[in-house]
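We're numbering straight along the sequence, starting at 1. Nothing here was measured: the structure is a model prediction, and the numbers come from that model.
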Amino acid sequence: MKILALDIGGTAIKYGVFDSTTTKIGNVLEKETPRSETTNYIMETVIKIVKEVKEAHDIQGIAVSTAGVVDPQTGHIVFAGPTIPNYTNTAIKQTIEETFHIPCEVENDVNCAALGEWWQGAGQGSESLVCVTIGTGVGGAVILNGALWHGSAFSAGEIGYLPISNGKALQDEASATALVAAYSDLSGIPREDLNGKIIFEHAKAGEEKAIKAIDNMLTALNQGLLAVTYLISPDTIIIGGGVAVQKEYLEEKIASKLKKGLVSTRMLPEEIKCAELGNSAGMLGAVYHFQQKQH
């Protein structure tokens, strides 16, 4: 069985064909997410992608991972923030199925990343898992007893909105955006000349300002991880997003802060790991979600 997997983000739409005989996704391509200040042209682009892929492959299903809050039953966008204007209420599943008469399933991108890591990555073997993605903002997803926990408003795991201190939310202090801003303030380097990779390189070279900026980010992140640990007590916490490539630098530091913050080390999750699947996690998770929904 071949399934077209799509990952719709605020800047790019990635896609590739999953082959059930190999359980892998083949050549991954991407197109820029088309949008203006007031609207987007995502569905028009998705329809073009499906048409192109169908010409080369016998596609029997379409699995979508997308930004925004998703109703996984109807496959439409319940809510989307300003990064993708006019995306709320987009009927992805209905549009694709009516256009191509191929089954389609849709899930939130962070939920898909968690499912992908649980299925084929860092979360394999876990009964309960929390995935926290650190990027422009901070996202989260919860897997309990091997199944996604959506919550009544399909927004379970939205850890980035947790209030932490001084009226700020977690993502105001623990995102890659916050890291860049903090290091810019410490170093005097303009934000537009920085990114997370540069800051981590400086920290690994021993630069105190970079080390401090990252430590401050991790201290803020720890407040969110403490709340997650006390509330859910997961087997595994996975750190995803762009910072996951800094596995060697981050894993021990994150685990150490969480261990020190807990009232008892017995509460520490069995594993605290960086994600392993990179950009393919969301697409693989979308495929897993599709397979579960279609069975």
Output a table of donor-acceptor pairs, distance under 3.5 Å, between side-chain atoms of residues 239-249 and any protein atom two or more places apart or on a different chain; print 'none' if there are none.
from	atom 1	to	atom 2	distance (Å)
Gln246	OE1	Lys204	NZ	2.7
Lys247	NZ	Glu251	OE2	3.1

Look up atom [atom1] in [X] and atom [atom2] in [Y], then write down how far apart they are to the nearest 0.5 Å.
X	Y	atom1	atom2	result
Leu258	Asn222	CG	CG	5.5 Å
Ile134	Thr177	CD1	OG1	11.0 Å
Leu194	Ile199	CG	CD1	5.0 Å
Asp235	Ile272	CG	CD1	12.0 Å

- prompt: For Asn86, what residues pass the side-chain contact (heavy atoms from CB on, under 4.5 Å) criterion, not counting sequence neighbours?
  reply: Thr39, Asn40
task: May I have the step-by-step check of side chain to side chain contact (heavy atoms under 4.5 Å, CB included) for Phe200 and Leu250, ending in yes or no?
output: CA-CA 10 Å; Phe200 276 99; Leu250 288 177; 3.7 Å; yes
- prompt: Below 4.0 angstrom, N of the basic side chain to O of the carboxylate: do Asp215 and Lys253 qualify?
  reply: no
Criterion side chain to side chain contact (heavy atoms under 4.5 Å, CB included) on Thr90 and Met43, from CA distance to verdict: CA-CA 8 Å; Thr90 299; Met43 289 314 299; 3.6 Å; yes
Got more than 12 heavy atoms from elsewhere within 6.0 Å of [atom1], [X]?
X	atom1	answer
Glu252	CD	no
Asn216	CG	yes
Glu32	CD	no
Asn166	CG	no

task: If you link ILVMFWY side chains whenever their heavy atoms are less than 4.5 Å apart, which other residues fall into the same cluster as Val110? By chain and number, please.
output: none
- prompt: Which hydrophobic side chains are connected to Tyr288, either touching it within the sub-4.5 Å cutoff or through other members that do?
  reply: Met1, Ile3, Phe18, Ile25, Val28, Leu115, Trp118, Trp119, Leu129, Ile143, Leu148, Ile238, Leu277, Met283, Leu284, Val287, Phe290
task: Taking all non-hydrogen atoms of both residues into account, name the closest pair between Gly135 and Ser175 and its distance.
output: O-CB, 3.5 Å
statement: Heavy-atom closest pair (Ala220 atom, Leu170 atom, distance to 0.1 Å) is O-CD1, 3.1 Å
Between the side chain of [X] and the main-chain N/O of [Y], is any donor-acceptor distance below 3.5 Å?
X	Y	value
Ser126	Gly123	yes
Arg35	Gly10	yes
Glu207	Ala203	no
Thr99	Thr95	yes
Ser187	Ile189	yes
Ser233	Thr229	no
Gln171	Val138	yes
Glu97	Cys104	yes

field: Single hit among Arg191, Lys212, Lys209, His202 for side-chain hydrogen bond (donor to acceptor under 3.5 Å, both in side chains) with Tyr183
entry: His202
- request: Check Asn108, Asp109, Asp7 against Ser65 for a side-chain hydrogen bond (donor to acceptor under 3.5 Å, both in side chains) and give me the one that passes.
  value: Asp7
Taking atom types as modelled, is there a side-chain donor on [X] or [Y] under 3.5 Å from an acceptor on the other?
X	Y	value
His289	Gln294	no
Thr74	Lys93	no
Tyr87	Thr66	yes

task: Starting from the C-alpha separation in whole Å, work towards a yes-or-no answer on side chain to side chain contact (heavy atoms under 4.5 Å, CB included) for Ile254 and Leu225.
output: CA-CA 9 Å; Ile254 291 170; Leu225 298 185; 3.6 Å; yes
message: For a side chain to side chain donor-acceptor pair (under 3.5 Å) check, start with the C-alpha distance between Glu107 and His150, then their side-chain angles and the critical distance, and finish with the verdict.
response: CA-CA 10 Å; Glu107 182 55 273; His150 290 96; 2.7 Å; yes
- prompt: Which residue pairs pass the salt bridge (Lys or Arg N to Asp or Glu O under 4.0 Å) test when at least one of the two sits in residues 168-180, sequence neighbours left out?
  reply: Lys168-Glu173
query: How would you list, by chain and number, every residue that makes a salt bridge (Lys or Arg N to Asp or Glu O under 4.0 Å) with Glu271, sequence neighbours excluded?
result: Lys273
- request: Might you work through the side chain to side chain contact (heavy atoms under 4.5 Å, CB included) test for Leu29 and Ile49, ending with a clear yes or no?
  value: CA-CA 10 Å; Leu29 303 172; Ile49 289 170; over 6 Å; no
